Asker: 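One structure is given below, represented as structure tokens, and several questions about it will come after.
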Amino acid sequence: METGASAEIGTTISDDAWFERFAADNEVALRRTLVAALGHESGIEAAAIALAYAWEHRARLSTMQNPAGYAYRVGRSRARRRRREPRFHPVPAHAEAVVEPGLPDALAALSEHQRAAVTMVHAAGWSRHEAAEALQVSVSTLDTHLARGLTRLRSELGVDADD
Amino acid sequence: MTDAELGRQIASYLDATTGPVATAQTSGRELIMTLNDPKSGGNRRLTRGAAAAALVVVAVGAIALSTRDSDEDQSATGRPTPTIAHESSESIPPPSDDPEITPREQAAIDLAERYFTALYAGDVDTAVEMVPQVSLRVVAEAAWVDWWSTTADDPNVTDDVWPTGPCWAGAESTQGLLVTCPVRSHDPLAVAMGLDDLTWNVHITGANEVAAFIAPAADFRTYLDQAGVYAAYLDVTGTLTNGVCDSDTYGPDEVYDPGIAMSQACADLVVDVADDAAAWFEAGQPDTWPPDDG
């Protein structure tokens, strides 16, 4: 039997500090990307799982080049999908001034990869390389998801790139 | 609307509809509290996966903090020591005010206990033979193994968590049965440090996971409304996928349709398994699977 806890038991305070910095730097991005990818119900759970996993394996993740991308994949793969169709909450009243009311439906019209790609790159600040790694696709494939996702979003929202 | 403006809209929308899962000051303990606090920015009751993650965090935090300062309630960083259960399994009583366990629930509990006992004794063959392979792989084992075991590229601390006492039924939710099992860390280093009596409960709230043998056959079809869940479990089964249900049940993005997420072949397979599971359950023989092959 593997002793997966062995490395964790030797965790140092610096690992704790790493996790705190990781959470501070990536919690918002993980929450945004996973909720965008999976919908609110599963996405929030996935973000919790991703962060819990990052804490649990902080010694190992701290050595990774893209720990947020790894945590994204963990959260994405371990969260349970309760519905085949992701559900997105309506735009709350206090955000209507800055968010198109049709955005939830527009997001739902995209594929999971398209939502994740658009959110990672344009709403979470990840580089295209980081996003491609998190989604385990090539950068060119990511670019395809981005282009199609953005086009579909604009179509669903009834806006143009020049608006 | 530019790409950047779309991104800002998405960010604003997602931030307006979710709350922080953890804060910049997150420690293991604080993370648990955040996850468990329904008032913490919109997070709600923990689901099985998050609860399991939380338990792991508590366990690891307890071990790590105990290593540093075993006699004090405050860690070196001033954070409170996680309140992991330290009592023995014998001192963990089943909830006294729960309704009486039904035969159906007891069958599920017995099955879970036998399975765990064999699995953690290292007798995998017996476990596999004993547990209905198809139903467990599809709706139980896959999820458990996904979370509770070690894989080559994904070591999991909970691999060293062993059950130490009887399981009991908690509540039956809309998603199925809650089975609670006490467990103990048997990690060699934990033992060396005198932490082998570290004991806590594992809430197998995998209602979906055990639905095949707890859901009344008449109701089982309702679970198929959540076929995406079962498809997800099928993802990690080597036996039943075999190209029928891809690891990504949605198929290629180009043909993805949110309303038709699962391929017909995969859906047919789920229905077939569900029918077998229902028949198996109705036969009242949880030790044999499939019922027609007995």
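What you are looking at is a predicted structure, and each value in this text was computed from that prediction instead of being measured.
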Asker: Measure A/F88 against the heavy atoms of chain B and call it side chain, backbone, both or neither at under 4.5 Å.
Answerer: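 Both backbone and side chain.
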Asker: Is A/V118 in contact with chain B via its backbone, its side chain, both, or neither, using a 4.5 Å heavy-atom distance?
Answerer: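 The side chain, not the backbone.
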Asker: To check you understand the geometry: which heavy-atom pair defines the closest contact between A/P90 and B/T17, and what is its length?
Answerer: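 That would be O-CG2, 3.8 Å.
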Asker: Below 4.5 Å, heavy-atom pairs only: which of A/P104, A/A95, A/A106, A/A50 has the largest tally toward chain B?
Answerer: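 The option with the most such pairs is A/P104.
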Asker: Going by the rule side chain to side chain donor-acceptor pair (under 3.5 Å), which residues pair with A/E156 if we only count those two or more places apart in sequence or in a different chain?
Answerer: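 Side chain to side chain donor-acceptor pair (under 3.5 Å) check on A/E156 returns A/R152.
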Asker: Could you tell me the separation between the CG atom of B/L6 and the CG atom of A/L153, rounded to the nearest 0.5 Å?
Answerer: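 Going from CG on B/L6 over to CG on A/L153, the span is 5.5 Å.
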Asker: Does A/H89 have any ring-ring contact (aromatic ring centres under 6.0 Å, His included) partners at least two apart in sequence or in another chain, and if so, which?
Answerer: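 Per chain and number, A/H89 pairs via ring-ring contact (aromatic ring centres under 6.0 Å, His included) with A/H40.
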Asker: Given that the side chain runs from C-beta out, which part of A/V28 has a heavy atom under 4.5 Å from chain B: side chain, backbone, both or neither?
Answerer: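 Contact with chain B involves the side chain of A/V28 alone.
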Asker: Can you name the nearest heavy-atom pair linking A/R31 to B/L14, along with the distance?
Answerer: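 Taking A/R31 first and B/L14 second, the nearest heavy atoms are NH1-O, 4.3 Å.
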Asker: Need one label for B/I10: side chain, backbone, both or neither, based on atoms under 4.5 Å from any heavy atom in chain A.
Answerer: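 The answer is both parts of B/I10.
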Asker: What I'd like to find out is whether the side chain of A/R32 reaches to under 4.5 Å of the side chain of B/D15, using heavy atoms alone.
Answerer: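 A/R32 vs B/D15: side chains touch.
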Asker: May I ask you to decide if A/E100's main-chain N or O and B/Q9's side chain share a donor-acceptor pair within less than 3.5 Å?
Answerer: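 Here the side-chain-to-backbone pair exists.
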Asker: For A/A123 versus B/G7, what's the shortest heavy-atom pair and its separation?
Answerer: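 Residues A/A123 and B/G7, closest heavy atoms: CB-O, 3.4 Å.
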Asker: Looking at side-chain heavy atoms only, is the closest gap between B/D3 and A/R154 below 4.5 Å?
Answerer: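 Yes. Closest side-chain heavy atoms under 4.5 Å.
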Asker: Below 4.5 Å from any heavy atom of chain B, which atoms of A/L107 appear? Answer side chain, backbone, both or neither.
Answerer: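 Contact with chain B: side chain only.
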Asker: Within this structure, what is the CG-CE distance for the pair A/L157 and B/M1, rounded to the nearest 0.5 Å?
Answerer: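 That separation rounds to 6.0 Å.
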Asker: Of all the heavy-atom pairs spanning B/Y13 and A/L103, show the shortest one and how long it is.
Answerer: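 That would be CB-CD2, 3.7 Å.
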